[in-house]
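Okay, so here's the structure we're looking at.
We use all heavy atoms of the structure for the numbers below, so side chains are in, but hydrogens, waters and symmetry mates are not. Position 1 is the first residue of the sequence, and the numbers go up from there. What you see is a predicted model, and the numbers here were worked out from it, not measured in a lab.
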Amino acid sequence: MERFSLPSMYELCLMQTRSDRTLRNLVSNKLSKHSLTLMEWLVLGSVSAGPKTGLSMTEIARALNVTLPQVTSLITDLLERKLIKQKVLSTDHRGRQVTITLKGKRVLGKLETMIARDVRQLTSAVPNSRLREYVRTLHVLSERTD
């Protein structure tokens, strides 16, 4: 059995930074053709994956690990483009429930197809077993709260 030698922390962080930049650039290039930012796309995806009744602004902020003012700015832009809609809660007029529109679903679906194709091409030399392990690792790291 092959013994695995862990790279130095510097090398590990450098690899992570480079791979993150590669993926971000790939995604950002596709999104820019639809005049969307990475964060706007993540809002659309989060709202679409949420319950049909929508997500509150606080739930969106928590899902993206950002502040409420940041979510408010993102939501404002997406509302103007009619990719999402917002409903004031009858129980608390300060609260807002955000849902994705049909136009938003179409844009999100089109982007998902294009980005998934490009990521598959980018990772074509990586065996599926390694990709699964990478996804599991990302999941574990993303669940950390410290």
Side-chain angles (χ1 to χ4, degrees), residues 1-87 89 95-146:
M1 187 165 157
E2 181 183 333
R3 187 170 171 90
F4 178 71
S5 176
L6 193 63
S8 71
M9 287 300 106
Y10 157 77
E11 291 167 321
L12 193 60
C13 288
L14 183 60
M15 284 187 286
Q16 193 281 328
T17 299
R18 286 178 173 170
S19 63
D20 178 66
R21 185 171 294 126
T22 298
L23 188 58
R24 281 178 176 266
N25 285 340
L26 182 148
V27 172
S28 293
N29 286 337
K30 293 297 178 195
L31 296 176
S32 69
K33 293 175 184 169
H34 291 273
S35 302
L36 282 173
T37 66
L38 182 62
M39 290 304 292
E40 289 169 337
W41 178 59
L42 294 175
V43 168
L44 280 178
S46 296
V47 171
S48 179
K52 290 197 185 297
T53 56
L55 292 176
S56 70
M57 302 286 272
T58 302
E59 290 170 322
I60 296 169
R62 193 175 303 124
L64 300 179
N65 197 26
V66 296
T67 65
L68 225 47
Q70 288 171 302
V71 170
T72 301
S73 175
L74 291 164
I75 294 296
T76 300
D77 292 343
L78 294 170
L79 282 168
E80 288 173 5
R81 298 183 56 202
K82 299 186 183 337
L83 297 173
I84 59 169
K85 54 187 173 183
Q86 177 175 264
K87 182 174 79 170
L89 298 177
R96 308 267 188 268
Q97 205 71 4
V98 179
T99 56
I100 192 164
T101 63
L102 184 57
K103 179 181 178 183
K105 285 180 185 180
R106 285 184 187 139
V107 168
L108 191 61
K110 188 176 188 179
L111 286 166
E112 181 67 25
T113 300
M114 290 188 314
I115 292 169
R117 181 195 63 226
D118 289 357
V119 169
R120 277 193 301 276
Q121 184 178 355
L122 176 69
T123 60
S124 63
V126 181
N128 280 338
S129 61
R130 285 192 173 179
L131 286 175
R132 278 193 294 279
E133 196 55 43
Y134 179 66
V135 170
R136 282 190 207 111
T137 302
L138 288 175
H139 181 72
V140 169
L141 293 175
S142 71
E143 295 296 315
R144 300 274 314 210
T145 58
D146 54 340

*asked:* Within this structure, what is the CE-OH distance for the pair Met15 and Tyr10, rounded to the nearest 0.5 Å?
replied: 10.5 Å
*Going from CD1 on Ile100 to CG on Leu78, what distance comes out if it is rounded to the nearest 0.5 angstrom?*
9.0 Å
*With the side chain counted from C-beta on, respond yes when Leu79 and Ile84 share a heavy-atom pair under 4.5 Å apart, and no when they do not.*
yes
*asked:* Using 0.5 Å steps for rounding, measure from the OG atom of Ser35 to the CG atom of Asp77.
replied: 11.0 Å
*Listed partners of Lys87 passing side chain to side chain contact (heavy atoms under 4.5 Å, CB included), at least two apart*: none
*Those residues that, when tested against Ser56, pass side-chain hydrogen bond (donor to acceptor under 3.5 Å, both in side chains) (two or more places apart)*: Glu59
*asked:* With heavy-atom distances below 4.5 Å as the criterion, would you say the side chains of Val43 and Val71 are in contact?
replied: no
_Heavy-atom side-chain proximity of Gln70 to Leu64 below 4.5 angstrom_ = no
_Asp20 atom CG, neighbour heavy-atom count above 12 within 6.0 Å_ = yes
*Hey, does Thr58 have a side-chain heavy atom less than 4.5 Å from the side chain of Leu68?*
yes
*Can any side-chain N or O of Gln97 pair as donor or acceptor with the backbone N or O of Gly54 at less than 3.5 Å?*
yes
*Does the Thr123 side chain pair with the main chain of Val126, one donor and one acceptor, at a distance under 3.5 Å?*
no
*asked:* If I take atom CG from residue Leu74 and atom CE from residue Met57, how far apart are they, to the nearest 0.5 angstrom?
replied: 9.0 Å
*Nearest 0.5 Å, what's the CG-CG distance between Leu42 and Asn65?*
12.0 Å
*Ser48 side-chain N/O to Leu44 backbone N/O, donor-acceptor pair under 3.5 Å*: no
*Within the distance-only criterion (no hydrogens, no angle test), does the side chain of Asn29 pair as donor or acceptor with the backbone N or O of Asn25 below 3.5 angstrom?*
yes
_Ser46 side chain to Ile60 backbone, donor-acceptor under 3.5 Å_ = no
*asked:* Any heavy-atom pair between the side chains of Val135 and Arg132 that's under 4.5 Å?
replied: no
Would you tabulate the side-chain donor-acceptor contacts of residues 108-121 under 3.5 Å, counting partners in other chains and residues two or more places apart, or write 'none'?
| unit_1 | atom_1 | unit_2 | atom_2 | d |
| --- | --- | --- | --- | --- |
| Thr113 | OG1 | Gly109 | O | 3.1 |
| Asp118 | OD2 | Lys30 | NZ | 3.1 |

*Met39 and Val66, any side-chain heavy atoms less than 4.5 Å apart*: yes
_Steps toward side-chain contact (heavy atoms from CB on, under 4.5 Å) verdict (Glu40, Leu83)_ = CA-CA 10 Å; Glu40 289 169 337; Leu83 297 173; over 6 Å; no
